[in-house]
2 protein chains.
Amino acid sequence: MTTDVTRNVATMRGLSSRLRPLTKVLPEHARAHNRSLVLQHLFHEGPTSRADLARATQLTRVTISDLVSALIAEGLVEELGVRPGQRVGKPAILVGMRTSAYQIVAVDLTDDMEMRGAVMSLNGAIVVRSQLNIEGRTGADLVDLLARFIRGLIASATQPVLGVGIGSPGVVDPEGLVVEAPNRRWFDVPLAADLADRLGLPVHVANDANIAALAEFTFGNADGDGFMIVTVGQGVGAGVVVDGSPMRGYRNAAGEIGHVTVLAEGGLRCACGRDGCLETVLAVPALRSATAGLSTQDSDAALASAGRLLGTALAPVISALNLSEVLLSGPAELLDGPLRETALEVIRDRTMPAVNAGLTFRMASLDEDVVLSGAAVLVLSGQLGVS
Amino acid sequence: MTTDVTRNVATMRGLSSRLRPLTKVLPEHARAHNRSLVLQHLFHEGPTSRADLARATQLTRVTISDLVSALIAEGLVEELGVRPGQRVGKPAILVGMRTSAYQIVAVDLTDDMEMRGAVMSLNGAIVVRSQLNIEGRTGADLVDLLARFIRGLIASATQPVLGVGIGSPGVVDPEGLVVEAPNRRWFDVPLAADLADRLGLPVHVANDANIAALAEFTFGNADGDGFMIVTVGQGVGAGVVVDGSPMRGYRNAAGEIGHVTVLAEGGLRCACGRDGCLETVLAVPALRSATAGLSTQDSDAALASAGRLLGTALAPVISALNLSEVLLSGPAELLDGPLRETALEVIRDRTMPAVNAGLTFRMASLDEDVVLSGAAVLVLSGQLGVS
DNA sequence: CCCCCTTAGTAAAGGGGGTCTACTAACAAA
DNA sequence: TTTGTTAGTAGACCCCCTTTACTAAGGGGG
């Protein structure tokens with residue numbers, strides 16, 4: 001046998017990193033991947049014939065038939081009859097994802113005062129919506145309350161529940177351990193494992209801003225090549241998606257941009273104990289108080305000034321990562337005007353053309369249910385490999 | 001088995017992204033991955049017994065034996081005799097990577113005046129070194145010169161050459177197309193494809209700062225969970241590695257941090273045509289002229305002031321990505337003092353504890369051959385899946 | 001010294017996974 | 001009709017890893 005070293009080897013990116021335990025790949029993993037490929041296509045493109053699936057995935061029609069029949073057996077996919085329209089050859093049978101066959105329970109814990117939840121269909125549509133006042137509960141009490149809340153949601157589901165997704169503030173590790181969420185008094189709380197235990201269902205937990213980014217990627221039309229969403233509410237958070245997957249950070253704290261100092265001196269005291277954080281000028285309360293009772297002109301100037309600081313903070317990030325989009329999520333009446341425009345101006349001023357030429361800076365396309373949608377994506381991608 | 005060739009197989013992460021064409025995974029890809037796993041382990045951990053490889057990779061001893069014998073047949077791996085030391089059971093036979101069986105040709109095009117090249121063994125040791133004055137050549141001329149230069153290096157190799165790696169300034173796409181490298185007058189030059197054609201060898205090209213990051217990851221001890229290297233030379237560049245893989249950016253311009261504006265007003269004119277870029281204060285010429293003829297104290301102050309600007313620019317990036325390390329690469333007498341210390345101080349001041357607590361900010365561990373090492377990693381990872 | 005135990009490495013059978021080839025089904029157009 | 005085209009499936013085959021069982025080669029205790 002002659003040497004054959006001149007070939008390019010498939011390194012499945014990330015897997016060959018020496019950091020995470022080196023992980024073997026088996027044929028069945030390939031199978032799972034290809035299965036996800038099919039679901040992914042059906043999810044985003046809608047009903048498709050097997051032959052078209054084969055063309056789209058580069059798999060053979062035989063393999064696709066096999067995968068599809070397995071998915072049909074699982075109840076995730078169904079035949080939808082012959083494709084309408086006249087063309088040559090045997091008519092194609094469309095198969096589609098049964099988006100109503102399962103449901104997802106999603107919870108948004110962003111708000112300090114209440115938890116918001118929903119039962120959603122697989123395509124992200126909200127079927128049942130519910131909220132519950134937290135009444136100052138924290139720590140284990142809050143976990144108990146959350147468990148009851150979720151049980152209620154599960155009970156109101158009209159289809160089998162695929163899993164539970166939760167968006168929480170604070171630092172959350174990939175296993176759903178809440179490392180720290182000070183306002184909830186959660187420190188190293190194994191939220192996902194705990195709830196999965198109690199509920200007997202798969203539970204996925206992640207940072208709220210991070211999954212907002214996921215939601216914009218999956219349900220919005222954000223460019224997965226690299227974009228960032230800045231969420232403006234009681235606080236300021238961010239989520240970064242690069243190459244279709246969300247940045248995590250070495251201690252799971254990626255996106256914590258609200259506490260970057262943007263005012264070297266004269267900044268207000270921030271909840272985090274330091275002065276001049278971005279949050280002290282960009283969070284909704286800050287913007288409201290900065291514009292309260294001002295003339296339109298003065299209020300616009302105040303918003304522009306916040307935008308200037310935002311732009312200054314974002315310019316280096318956009319340059320370092322060569323992002324293609326920045327999304328703003330939050331009250332449009334505050335964000336989608338002088339603030340956004342000024343931020344973009346500043347970013348253009350402070351970055352090189354190669355970086356800012358293709359950049360778009362716009363409002364997020366999803367509304368206040370972003371985090372719920374993100375929680376749904378968490379479940380979709382965790383359980384079905386779809387995103 | 002002859003040339004099974006330039007089959008460029010998919011990368012696993014990002015495969016599920018709906019952006020790039022959905023790519024199937026086959027059992028043989030799993031095989032290739034596992035093969036890389038073995039090489040990866042031998043590369044980083046040194047000689048290992050088959051049984052230990054099985055434990056490390058979670059594959060069975062049978063599979064490992066099979067993979068190893070294939071690697072031995074390819075000449076990439078060899079048996080090294082019985083493992084020394086007494087213990088129970090049948091003595092283990094160590095197998096190791098034949099790092100001297102093949103060689104790599106690496107070229108560093110960072111410098112405006114000369115190209116630097118080397119023949120390296122698979123473990124990154126430089127066997128032959130060579131440089132060539134560019135004499136103002138640009139464009140196609142420069143490509144011709146480069147081809148001749150590389151041919152010379154190949155001729156001086158003492159072992160079969162695995163491939164050619166090139167670090168170029170400018171924007172380079174994943175296929176080795178130099179999108180733009182203004183100083184070289186290269187615009188959309190398919191450098192990798194062109195040279196591969198002429199040389200009959202696999203050629204990999206990437207941005208110099210980006211592969212410097214790769215080098216620190218592979219040969220240094222940078223934390224692949226997330227770090228960034230800032231290269232300070234005639235210009236200022238950066239490379240970001242997250243989860244073991246380098247950031248690319250949606251237009252392959254990730255790391256272009258040298259042209260972020262850091263001086264809103266009063267900045268010097270930059271080569272890029274704008275004012276107050278980081279490069280105008282941090283590049284080596286700028287630092288030298290800022291410190292020339294000054295007392296130690298004044299010079300230190302000047303360096304600290306550059307450090308302050310660097311820290312200010314990096315703080316948002318570190319926060320957004322939750323990086324664990326920042327490396328500085330360049331002349332230590334300029335960088336490794338007040339500049340670095342001040343930058344770190346500023347970063348600590350301007351980021352929240354959860355982000356800066358675990359952060360280290362240090363000089364890169366590789367010397368002026370970083371880019372050459374990075375070029376070697378390019379080949380190693382492209383041809384063998386090792387990094 | 002012998003027996004037992006442990007560890008290393010291999011051979012053979014088996015099963016999952018995808019492709020290739022060949023076939024049927026079902027239509028449009030000539 | 002006949003011809004050509006497209007959709008979908010069946011069977012044979014190859015790749016790849018695992019399970020099971022076996023051999024090889026040591027240590028240690030009685």
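We name chains A, B, ... by the order of the sequence lines, and we start the count at 1 in each one. What you see below is based on every heavy atom in this structure, not just the backbone, and it leaves out hydrogens, waters and symmetry mates. Because the structure is a prediction, the values reported are computed rather than measured.
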For the pair made of [atom1] in [X] and [atom2] in [N], what is the distance, rounded to whole Å?
X	N	atom1	atom2	value
A:Arg31	D:dC17	CZ	P	17 Å
B:Ile64	D:dC16	CD1	P	14 Å
A:Leu37	C:dG18	CG	P	11 Å
B:Leu26	D:dC15	CG	P	12 Å
B:His33	D:dC17	NE2	P	10 Å

Which nucleotide in C:dT19, D:dT18, D:dC16 has an atom nearest any side-chain atom of A:Pro27 = D:dC16
Heavy atoms under 4.0 Å is the rule here; annotate nucleotides 5-14 of chain C 5' to 3' with B where the base is hit, S where only the sugar-phosphate is, and - elsewhere.
-> -BBBBBBB--
[X] side chain N/O closer than 4.0 Å to the phosphate oxygens (OP1, OP2) of [N]?
X	N	value
A:Lys24	D:dC16	no
A:Gln86	C:dA28	yes
A:Thr60	C:dG18	no
B:Asn34	D:dC17	yes

Between B:Gln159 and B:Ser100, a side-chain donor and acceptor under 3.5 Å = no
Check whether the side chains of B:Thr158 and B:Gln103 place a donor and an acceptor atom closer than 3.5 Å, and report yes or no.
->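 Side chains of B:Thr158 and B:Gln103: pair found under 3.5 Å.
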State, with a plain yes or no, whether a side-chain heavy atom of A:Val68 is found less than 4.5 Å away from one of A:Leu53.
-> yes
With both distances under 3.5 angstrom, what nucleotide forms a Watson-Crick or G-U wobble pair with D:dT9?
->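 Looking at the geometry, D:dT9 pairs with C:dA22.
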What pairs with A:Asn252 under side-chain contact (heavy atoms from CB on, under 4.5 Å), at least two apart in sequence or on another chain?
->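 Per chain and number, A:Asn252 pairs via side-chain contact (heavy atoms from CB on, under 4.5 Å) with A:Val171, A:Asp173, A:Pro174, A:Arg248.
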What pairs with B:Val241 under side-chain contact (heavy atoms from CB on, under 4.5 Å), at least two apart in sequence or on another chain?
-> B:Ala213, B:Phe227, B:Pro246
Might you confirm whether atom CZ of A:Arg87 has over 12 heavy atoms from other residues, nucleotides or ligands at distances under 6.0 Å?
-> no
State whether A:Arg35 and A:Glu28 are salt-bridged, where the test is any N-O pair (Lys NZ or Arg NE/NH1/NH2 against Asp/Glu carboxylate O) under 4.0 Å.
->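 No salt bridge links A:Arg35 with A:Glu28.
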